[in-house]
Every structure is written in C-alpha cells, then in structure tokens.
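A quick write-up on the structure given underneath.
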Amino acid sequence: MSNDAAVTENPPPSRRAKHEKQPLSEQETAAKRAKAEKIGRTVAVFIMPLMIVGMMIWGYLGAMHQQEAKNMPVAISATSTEKAEDFVRTLEAGNGDAVDLRIVDSPREARELVYDREVTAAVDLDGKTATMYTASAAGVSASSAIKAVLTPVILEDGLKLAAEDLKPLPADDSMGMGAMLLATAMITAGYMPWSLACSNSPELLRRRRALPLLGGWSILLSGLGILVGGPILGVLPAATILPAWGTLALGVFAVGAGQLLLTRIFGAMAVIPGMFLFMVLGQPASNMGMSVYMLPKIFPFLHQFLPMPALGEAMRSVLYFDGDGAGVHILILAGGAVAALLLVALIDALRTAKGKSDIPTQINVPSLHGGPRPKNKAWRYITLGAVPFAMIAIMLSSMLGAMQTPAPREMPVAVVGTSMEQAQQTVDSLKESMEDQFVFTVMDNAGDARYLVESQELTGAFVLPSEQDPEATIYTAQASGNAASQVVVQVFTQISQAQDMSVDHRELAQLPEHDNMGTVVMYLGMGWVMAGFMVIMVASTAAPHLRPLQKLIPLVAVYSAFMSAVLYLIAGPFTGAVEGHFWQLFGTGVLAIFSVAMLTTVFNRLMGMVCLLPTMLVVMFLGVPASNGALSIYMEPRIFAILHDILPMPAAVEAIRAIIYFDGAGLSSHLVVLGIWALASLALTLVIDQLKPVHAEAHPVSAEELAALQGRQRDAKASEAAASANGIDAEAGELADAQAAAGASANEDREKDAVSV
C-alpha cells in the first residue's frame, strides 16, 4: 500500500475533526444550554411588553380615536302617525347611519324606553314643540352624542325644542365615573391575583384551594370598593351599599373564575389573553366611559356578553336606576362564572386521567419582594394578596377621587372688553356667580387674548360686543383640551343668551376628523409609559442577568427605540390616529420610554416586583388624571394641576400634543421634564447599586417544593411501592424455586431406589 493511500484511509486527527462531529462534554453542553436560555430570556424582554402594550394601545386607539354616532336607537312619538313618519324621513335624510329609529304609540312608551335604556333618546312631537327625552345616568357620552344629532334637525324643522333628562346623575357623581371606575377596579381585582399566583404560587390554583380563596377574595375586594366609594368618597349612597357590594363581589368572582380557566389553558401566559378579553375588548365594549354606539360595530355585539360590560351596566342599574335592569347583567356574570368553573373541572379531570398535573408546575417569579423566596408560605401568600389589594386601593382612591365630580376649578379665561374698565366690570359680575370656577384675565385687545389661547396659556377667551362687532365672541383651542373647550363654550354661551347677546364661537385649533375627541395624545402617551414600566418588570424576573447597569442601559436604549417605532406604527399606519411627525414622535417616545424605565429601575432595585405599587402610582394613577388628556386638569382637584408640571405621564402627553397639533410649540419644556426624570433615576440607581449589590441571578426554588408541585413525591411513593412489590415477587420466586428443587431431589431419590430394587 502506498503512503498516499495510507494518508487517505487514515487522515490525521485535525482533518478527521472536520468530518466527524465530536461529542460535547457535559460542561460544554450545559454552557450551550445556558447561552441559549439567556438569549431566549433576552428576547422575551422585548416580546412580552410588545404583546401586552401593543394589544392594549392598538385596541384602545383602534376603537376610540375617531368617534361618531352609529345606529343610535331613538324612539319617536307624535300626535299622528303621519307626523311621526315625516319626522323620521327628515332625520334619516341627513343622519341615516347615525340613528336607528322606531315609532312608538305614546309619549309614555317613549319615556319608558329611555328609562329602560332600550333607546338612547326619544322625541315626542306635539304641535310645534319637540320634547327630547334623555337619561344622562344611562351614559353621558350617549346622551351628548344623540343631542348633537337630533338638536339641529329639530331646530331646522321649525320646531321649538324642549329637553328633559329623565334620570340625571347625582351631584356627587356628575359624570357617572363611580360605576365605571368601580367596575374597572373589580375587573382588575379579578384577573390580576391569579396571574401573579400562577407565576409565584401555582399550588393555590388547585380547585380545592382556589374556590374558597376566590370567594373570600371577591368579598374582601368588593368591600374595599364599597369602603372607598362609599364612606370615603361619597359616590355610593347608603341605600345602595349592600346591592352594590353583592354586585361587585359577583363581578370579581366571575372574572376570577374566567382567569382561573385561562391559567389552565395558557399557564403563565394567561395574563395576555386575560388582559385582552377583560380589558382591551371589555373597556371599549362596556358603554361606560364612551357609548358603544360611537365605536366600531363589533363593540355593541361584545357589549352583550363580556364581563366588563355586564358588571358596569349592573352597577349603573344599582347606583342610578334603583336596581332596575340589573337582573340580566347579573345572570351573565353568574352564568359565565359557572361555565368557567365547569370547564376548569373538566380540564382537570382530563389531565388527571392522563397522569398530568392539573395546574402549571413552573415557578417563574420565586419572590415578589426581590429577595430570596420566603421559606414561610404564610409570608409569601400575604405578599401575594397584599400587592393587588394595595394596587386596587390606590387605583380607586386616586382616580375616582380625581374624576368623580369634574367641574371648572380655577380655569384660566380672558374677558376682553373695549376698555379695561368694561372688561373688569364684567369680571366682577361674573365672579359673584362663579366663585373659584374661573380665573379671569382682564384684557382690552382681542388679538392678544387670541394669542394666549393659541399658545395654551388660557383655555378660552370671551370677547364682549362692541360697536364694530355687535356679537360676543368665544375663542377656544380644542386641540389643547377638548373637555375644557366644551366647558368654556357651554358656560359663556349661556351667559350671552341670558343677556340677550348673540354669540359667535371661533375655534383656533380644531381637532382633526381622525381624532375628533382628542384621545390620541393620551393613549399614545400611555403606551410610552406602559412600555417603559413593562421592560423592567419583565427583565427583572425573566432575565435577571440583565439587571447590572452596564447591561441594562444598552438594552433599555435599544428597547426604547424599538417600542417607540412600534407604537408609532400602531398610532399611524395601523389605526390612522396620527398623520406624519414620525421623527419628532419617535425621538420623544424613546426619551419617554427610557425615562419611565429608569424610574421603574429605582423602585425595582429597592423592592423587586412590589415596585408595581409605587411605579403605577406615580406614572399611571396620578399621571393619568394629571395628564390633561382624559380630563382637563382645571376640572379636577388643584393637586393635579401641580402634578401636571412634574410627572412623566403629563410631560409625555403634552409633548405629543405639542408635536401633532401645535407645530412643536412648548415641546422643549416637556422634554426637559422627561430628561430630568431619566437622569435623576439613573443617578439614584447608581447610588443604590453601590449600597446594595445587584443580584444578577434568579433566586432558587427548593427542589423539594418543585417536586411537590410537579407531583414527583407521588411518583417516588409509587416507585417505592413497586420496589416492595418486586421484592415480594422475588421472595415468592425464590420460595417456588426452592420447592421445585426439593421436589426434583425427592423424585431423583425415588428413581435411585427403584433401580436398586
């Protein structure tokens, strides 16, 4: 054989390694597995917030950025059928898509339909008078929207308009926020604890524990809602406390049962379908803050069976309609709870039959407070319950306290006269009847007043008639705050009419059609804030190796750019809520997300996942009322006007407003606020890290606890029993062999004896 052939048949080790894959050692395999796991956990830091924040902002913006009346049910009664039909034809000619009309036999029937909430309004035609019946307690949004549709048609038809509110809202809850916020809080109380328990203490999800816990939790949290809404804030009348308590408890129980079912199906990921079902779809479909007849057509359909609408409407019935109409909504909640629990029992039975655990068997969040997992289960369970309990208490106290009675409070308005003396006289007379409602600026130049309104320093201006202009004029800037603009127009129109002055309203910053209620700035700002909060919450639990600042800051910077771009895509191309301004919104979004992430990091360093409470208080529960987005800060307690200039959520909202509606005017001051939060939070984090070393690994869970959770103790007992059985069988086999051997020996002896004979 030649040398070449020998080389070919027996290549050297270096060449052989290229052709043959060498098996990895155990250490190399473990390192490879650890690297893959770290990559997966890092990716999860992006994916989880993307899913949660993305679906919420897409859902809210897609549903509510452009609101217009759609098929609002209206009843028509008249002295003759012919007259009613003529009026119906007139209405349908210009508002065919806005209304769904029906003719009824009598004014009484029309009023009953309004009171029973089967129609949003009714019109009774009697001679030259048209009486419009509404019920603001059935929904301020629906009442306002249908008035805006019907009033012009009635007046253009030459009829005298009379309006009657069959069921006005109480003075202590003039916008119906009590029912809405109590329902929202109880929905959160229903799904949040089970999501936490699934990741921290999944043994609590077993039915024998879960059902009594759910019952007690429902009574406790609904009692908290009654305490805050009743004795503390005065939203709940004394006569409604017991029925309201029972209704809220049923709501918590029904949603908790639904979330329990979702944990059986999705495990630790159940929080995502839970939020989607109960909040992303439930909130717009609830008919509470916004009428479902002003949203896409899917929401009136969802309103019929989702738990959030059922609880909201049941609470509306209890609080404002003496319980009338609550029965059907209570049946929906009870039926949903029963169905969910039956499905849980069925799934458990099927899994048990297959030898599988009936609950999730992973512990993804060993500790809520950031330290080692408590050895004492009692402390772990107390923390597990205290976090959602405190969150609901803070949510109700801050948001319901801020929004329960919105009314003008020191709202800045200019009064412009032909002279300073004339304007001052008017202001003096107005102050007598409007104490503390407005802060008046006396002026004698309409151009200067107009400039102050356009620059958002004033919410409006009232220009008195003059020889050159016999009409009074109201200036507002709707884009600077729709709620404040509506108040200024309504109040000063009434003042003009009371003094027999004709009035002209001039809008200086009209909201565009694709954001006709001005909600885009709030929801996009909320998306930025939630994105900053979520990345730290997810990273601290799913990827603790990223907690050191040298790794965390680059990650958060990349993540901030990623989420800012995603949220712009949702607000812009996907929903059409924003047009243009990409680079300004993108850059501001990066800063806002980074700022909130750094703020969350400070609290997370100090208290682990319990940072949920102070962070949500600062950025959401105080931030949303102070944002000037959902409601004007001049219609809330004075403290929120102060917080408006300090907190990150208002800075984000006002920055968006400045970019998309005011050509960037005033943007720099809001960027400064966000920058200060980012730098101050980063500095605090550096100090904390010097005093308290960063723990970059997940705290371990004992093998015994995991074994008990996964049912391996039962397997061990079964193995022990099997081993015992095998031992018994072996002894029996040995005994049988010995008997057989003895029998064979006896036979052999008999044969020998026979041969001898």
Side-chain angles (χ1 to χ4, degrees), residues 52 55-56 59-60 63-64 176-198 214-215 217-226 228-229 235 244-263 270-290 292 299 302-319 326 329-330 332-337 339-340 385 387-400 403 526 530 612 616 620-621 624:
I52 294 175
M55 74 176 180
M56 290 195 72
Y60 289 161
M64 294 185 273
M177 301 297 286
M180 185 188 79
L181 290 176
L182 281 168
T184 302
M186 294 305 107
I187 294 294
T188 305
Y191 76 83
M192 182 183 175
W194 298 113
S195 299
L196 288 175
C198 186
L214 179 55
W217 178 256
S218 302
I219 295 171
L220 177 65
L221 265 291
S222 56
L224 173 64
I226 294 299
V228 174
V235 174
W245 196 342
T247 303
L248 292 176
L250 177 59
V252 177
F253 189 90
V255 174
Q259 188 66 21
L260 192 64
L261 173 62
L262 293 176
T263 60
V271 63
I272 294 177
M275 292 181 70
F276 180 74
L277 181 65
F278 300 130
M279 295 300 293
V280 176
L281 295 179
Q283 185 69 40
S286 68
N287 198 39
M288 302 304 290
M290 190 59 58
V292 290
F299 291 102
L302 296 174
H303 178 76
Q304 300 175 70
F305 58 85
L306 287 182
M308 175 73 173
L311 181 56
E313 293 289 7
M315 283 300 296
R316 176 177 278 158
S317 297
V318 169
L319 296 184
H329 305 297
I330 288 174
I332 290 172
L333 292 172
V387 170
F389 183 90
M391 181 175 170
I392 300 304
I394 295 169
M395 175 182 176
L396 279 174
S397 302
S398 58
M399 299 194 73
L400 187 55
M403 301 181 182
M526 186 182 295
M530 287 182 61
L612 175 76
M616 290 294 284
M620 292 295 288
F621 298 148
V624 170

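The main-chain N or O of Ile394 is never found under 3.5 Å from a side-chain atom of Ser397 such that the two would form a donor-acceptor pair. Proximity of a side-chain donor or acceptor of Ser218 to a complementary backbone N or O of Phe253 within less than 3.5 Å is detected.
Rounding to the nearest 0.5 angstrom, the gap separating the CG atom in Leu302 from the CG atom in Leu281 is 5.5 Å. Rounding to the nearest 0.5 Å places CE of Met64 at 7.5 Å from CE of Met290. For the atom pair OG1 of Thr188 and CE of Met279, the computed distance is 4.5 Å after rounding to the nearest 0.5 Å. With rounding to the nearest 0.5 Å, the separation of CD1 in Ile52 from CD1 in Ile272 is 5.0 Å. Expressed to the nearest 0.5 Å, how far OH of Tyr60 lies from CE of Met55 amounts to 9.0 Å. Remark: Ile332 CD1 to Gln304 CD distance equals 8.5 Å, nearest 0.5 Å.
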Which side-chain N or O atoms in residues 309-319 pair as donor and acceptor under 3.5 Å with protein atoms at least two apart or in another chain?
from, atom 1, to, atom 2, distance (Å)
Glu313, OE1, Arg316, NH1, 3.3
Glu313, OE2, Asn287, ND2, 3.1
Glu313, OE2, His303, NE2, 3.3
Glu313, OE2, Arg316, NH1, 3.4
Arg316, NE, Ala137, O, 3.3
Arg316, NH1, Ala138, O, 3.1
Arg316, NH1, Asn287, O, 3.2
Arg316, NH2, Asn287, O, 3.1
Ser317, OG, Arg117, NH1, 2.8
Ser317, OG, Glu313, O, 3.0
Ser317, OG, Asp324, O, 3.3

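Closest of all the heavy-atom pairs between Val292 and Ala285 is CG1-O, 3.5 Å. Nearest heavy-atom pair across Ala340 and Ala257 is CB-O, 3.6 Å. Taking each heavy atom of Gly229 and Leu400 in turn, the nearest pair found is CA-CD2, 4.4 Å. Scanning all heavy atoms of the two residues, the minimum distance from Leu396 to Gly225 falls at CD1-CA, 3.7 Å. Contact record, Gly223 with Trp245: N-NE1, 3.3 Å, taken as the closest heavy-atom pair. Between Ala337 and Ala254, the closest heavy-atom pair is CB-CA, 3.8 Å.
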>> As a quick check of understanding, evaluate side chain to side chain contact (heavy atoms under 4.5 Å, CB included) for Met177 and Val235, giving each step before the final call.
In response: CA-CA 9 Å; Met177 301 297 286; Val235 174; over 6 Å; no
>> One pair to check against side chain to side chain contact (heavy atoms under 4.5 Å, CB included): Met526 and Met620. What are the steps and the verdict?
In response: CA-CA 8 Å; Met526 186 182 295; Met620 292 295 288; 3.7 Å; yes
> Between Met395 and Leu181, is a side chain to side chain contact (heavy atoms under 4.5 Å, CB included) present by the stated rule, with each step listed?
Replying inline: CA-CA 9 Å; Met395 175 182 176; Leu181 290 176; 5.6 Å; no
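Using a 4.5 Å heavy-atom cutoff, the side chains of Met180 and Gln283 are in contact. A 4.5 Å side-chain heavy-atom check between Leu262 and Trp194 finds every atom pair outside the cut-off. Between Met275 and Val271 there is a side-chain heavy-atom pair separated by less than 4.5 Å. Considering only heavy atoms from C-beta on, Thr247 stays 4.5 Å or farther from His329 through its side chain. Counting heavy atoms from C-beta on, the side chains of Met403 and Val624 come closer than 4.5 Å.
Considering only residues two or more places apart in sequence or on other chains, Ser195 meets the side chain to side chain donor-acceptor pair (under 3.5 Å) condition with Gln259. Residues satisfying the ring-ring contact (aromatic ring centres under 6.0 Å, His included) test with Phe305, not counting sequence neighbours, are Phe301. For Pro388, the side chain to side chain contact (heavy atoms under 4.5 Å, CB included) test picks out Met192, Pro193, Leu196, Trp217, with sequence neighbours left out. In this view, Ala393 and Leu224 satisfy the side chain to side chain contact (heavy atoms under 4.5 Å, CB included) rule, not counting sequence neighbours. In terms of the side chain to side chain contact (heavy atoms under 4.5 Å, CB included) criterion, residue partners of Leu277 (sequence neighbours excluded) are, by chain and number, Leu306.
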